[in-house]
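Data first, discussion second: the structure below is written as structure tokens.
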Amino acid sequence: MDTPQPFTVSRNTIFKTLILTPSTAWILWLVVAVGLAFVVVGCIADIRWLILGLIVVLTMTPTIAFFIFVNFMFASEMVANFLHHTIERRPGSYLLHIYRKANEDESIEAGKTWIESGSLTLFDCNIIRQKTESKYEVIYLKDSPLSILYVPRY
């Protein structure tokens with residue numbers, strides 16, 4: 001049996017998951033709601049509220065989204081999703097094989113382009129919930145080395 005090709009999860013896929021998860025992005029949606037309320041009040045009452053609402057929505061919202069992105073992207077609980085890896089489903093667990101690109105000497109000797117540099121086991125008992133997206137099954141974990149695991153749907 002051929003070993004599957006290592007993959008990484010794109011940053012925009014992870015950002016979309018973080019923004020749509022209430023536990024990570026509630027502050028962002030609160031600021032958007034307050035800004036839109038100011039915009040509505042500004043349309044009805046005074047243009048100064050409209051300007052304040054636009055400032056909140058157009059400047060504070062992207063800044064908060066950036067900080068959410070940076071905070072979770074550099075967290076150790078997300079790092080395996082950015083590295084080249086494969087996922088093996090086992091009874092009661094998932095086994096992640098993390099790979100690195102082989103340098104010229106290693107690829108000539110072994111005839112491989114990827115070399116396994118580590119593995120990580122994630123247990124089903126740590127799963128909080130699962131969500132299906134277009135290309136991935138998103139698994140949320142607690143008390144685990146990873147907080148979110150993306151399993152490709154084939």
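Hydrogens, waters and symmetry mates play no part in the numbers below; they use all other heavy atoms, side chains included.
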Atom OG in S119, atom CD1 in I98: separation rounded to 0.5 Å?
-> 7.5 Å
Under the side-chain contact (heavy atoms from CB on, under 4.5 Å) rule, collect the residues that match up with P62, sequence neighbours excluded.
-> none
Check the pair T13, N81 against side chain to side chain contact (heavy atoms under 4.5 Å, CB included), reporting the backbone distance first and the verdict last.
-> CA-CA 11 Å; T13 300; N81 291 307; over 6 Å; no
Look at the side-chain heavy atoms of Ile, Leu, Val, Met, Phe, Trp and Tyr, link any pair under 4.5 Å apart, and say whether L141 and L20 land in one connected group.
-> no
For I148 and L18, run side chain to side chain contact (heavy atoms under 4.5 Å, CB included): C-alpha distance rounded to whole Å, both residues' side-chain angles, the deciding distance at 0.1 Å, then the answer.
-> CA-CA 10 Å; I148 299 175; L18 292 175; 4.2 Å; yes
Distance flag, aromatic centroids of H85 and Y99, threshold under 6.0 Å = no
Does CD1 in I47 sit with more than 12 non-hydrogen atoms of other residues, nucleotides or ligands closer than 6.0 Å?
-> no
In terms of hydrophobic clustering (I, L, V, M, F, W, Y; side-chain heavy atoms under 4.5 Å; direct or indirect links), are I19 and F72 co-clustered?
-> yes
Output for pair (L120 CG, S144 OG), nearest 0.5 Å, gives 7.0 Å
Check the surroundings of atom NZ in K131: do more than 12 heavy atoms from other residues, nucleotides or ligands lie under 6.0 Å from it?
-> yes
Just wondering, are more than 12 heavy atoms of other shown residues or ligands nearer than 6.0 Å to CZ in F82?
-> yes
dist K142:NZ -> N126:CG (nearest 0.5 Å) comes out at 7.5 Å
When you look at T17 and Y140, which way does the side chain to side chain contact (heavy atoms under 4.5 Å, CB included) test go after all the steps?
-> CA-CA 11 Å; T17 302; Y140 295 88; 3.2 Å; yes
Checking side-chain contact (heavy atoms from CB on, under 4.5 Å) against Y136, which of I14, V9, L149 comes through?
-> V9
Sequence-distant partners of R129, salt bridge (Lys or Arg N to Asp or Glu O under 4.0 Å), two or more places apart | none
Quick one: ring pair (Phe, Tyr, Trp, His ring centres under 6.0 Å) partners of F69, sequence neighbours excluded?
-> F15
Can you pull the side-chain hydrogen bond (donor to acceptor under 3.5 Å, both in side chains) pairs that have at least one residue in residues 36-54, sequence neighbours excluded?
-> D46-R48
Does anything in residues 57-68 pair up under side-chain hydrogen bond (donor to acceptor under 3.5 Å, both in side chains), and if so which pairs, sequence neighbours excluded?
-> none
Please tell me if the side chains of F7 and I87 come closer than 4.5 Å, counting only heavy atoms from C-beta onward.
-> yes
Dump the intermediate steps for salt bridge (Lys or Arg N to Asp or Glu O under 4.0 Å) on D124 and R90, then the final yes or no.
-> CA-CA 10 Å; D124 287 348; R90 292 189 169 180; over 6 Å; no
Relative to Y94, does R89 satisfy both conditions: NZ or CZ under 6.0 angstrom from the six-membered ring centre, and within 45 degrees of the ring's axis?
-> yes
State plainly whether the residues E133 and K135 are in salt-bridge range, i.e. N to O under 4.0 Å.
-> no
Hey, quick one: are I68 and Y150 part of the same hydrophobic cluster, counting side-chain heavy atoms closer than 4.5 Å, chains of contacts allowed?
-> yes
For the pair L95 and H97, evaluate side chain to side chain contact (heavy atoms under 4.5 Å, CB included) and give the outcome as yes or no after the intermediate values.
-> CA-CA 7 Å; L95 182 61; H97 298 280; 3.5 Å; yes
Residue pairs meeting side-chain hydrogen bond (donor to acceptor under 3.5 Å, both in side chains), one or both in residues 24-43, sequence neighbours left out, come to none
What about I51 and I44, same hydrophobic cluster or not, with Ile/Leu/Val/Met/Phe/Trp/Tyr joined at side-chain heavy-atom distances under 4.5 Å?
-> no
Single-linkage hydrophobic cluster, 4.5 Å side-chain cutoff, L83 and V138 together = no
